[in-house]
Amino acid sequence: KAGVTQTPRYLIKTRGQQVTLSCSPISGHRSVSWYQQTPGQGLQFLFEYFSETQRNKGNFPGRFSGRQFSNSRSEMNVSTLELGDSALYLCASSLELGNTEAFFGQGTRLTVV
Amino acid sequence: SQKIEQNSEALNIQEGKTATLTCNYTNYSPAYLQWYRQDPGRGPVFLLLIRENEKEKRKERLKVTFDTTLKQSLFHITASQPADSATYLCALDDNYGQNFVFGPGTRLSVLP
């Protein structure tokens with residue numbers, strides 16, 4: 001079956017702009033989590049969605065938001081981009097909430113200039 | 001404060017040897033701990049999960065141990081191959097089992 005699909009793969013934005021990233025989970029998976037990965041901070045949890053509701057949130061400012069649709073697809077949005085938001089954004093899907101095994105997509109590489 | 005540490009940023013070993021990676025944590029009480037492999041430019045790939053009541057788990061050439069007293073997990077790759085070269089991440093559930101917290105990773109290089 002198809003894996004987790006993230007689009008776009010690469011993105012370049014200017015400071016102050018906003019960006020929307022998309023994630024399609026594995027068919028049948030209902031939980032989607034988002035992570036930010038940078039060389040300095042490693043992999044950091046952003047939020048998790050299940051049944052169209054945000055169930056858990058990491059320690060990121062309100063500029064980072066997300067949503068989940070009825071088909072479990074998810075989007076995350078970052079407003080008022082800062083240079084420090086440059087990172088690899090990873091989406092992971094799981095069968096259920098808090099499920100033990102996460103399947104990651106290839107990520108979206110965001111560069112803010 | 002809560003912390004997850006992995007023994008070293010980088011580890012070089014000779015092909016055929018056993019690679020041992022360490023994950024230590026502080027101020028967490030995980031119900032389970034996982035290991036992932038990540039290749040450059042790609043998302044992490046799940047390898048193994050071990051629960052708090054399990055001492056050891058094996059999968060082919062991989063072995064994971066979990067010592068809740070020492071607050072440590074060891075990840076072993078036996079008969080290592082150059083194709084095993086990657087960054088290995090440990091992850092554990094936070095105290096409420098709500099989300100995963102990842103360690104900084106160890107970059108393993110298996111030299112031919």
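Since this is a predicted model, take the numbers as computed values, not measurements.
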Which bit of [X] is near chain B, if near means a heavy-atom gap under 4.5 Å: side chain, backbone, both or neither?
X	answer
A:R109	neither
A:L43	both
A:Q41	neither
A:F47	neither

ask   = Side chain, backbone, both or neither: which part of B:P104 has a heavy atom under 4.5 Å from chain A?
value = neither
Could you check whether atom [atom1] of [X] has more than 12 heavy atoms from other residues, nucleotides or ligands sitting under 6.0 Å from it?
X	atom1	result
A:R73	CZ	yes
B:R61	CZ	yes
B:N53	CG	yes
B:E60	CD	no

task = State, without any angle test, whether B:Y32 and B:Q34 hold a side-chain donor-acceptor pair at a distance under 3.5 Å.
result = no
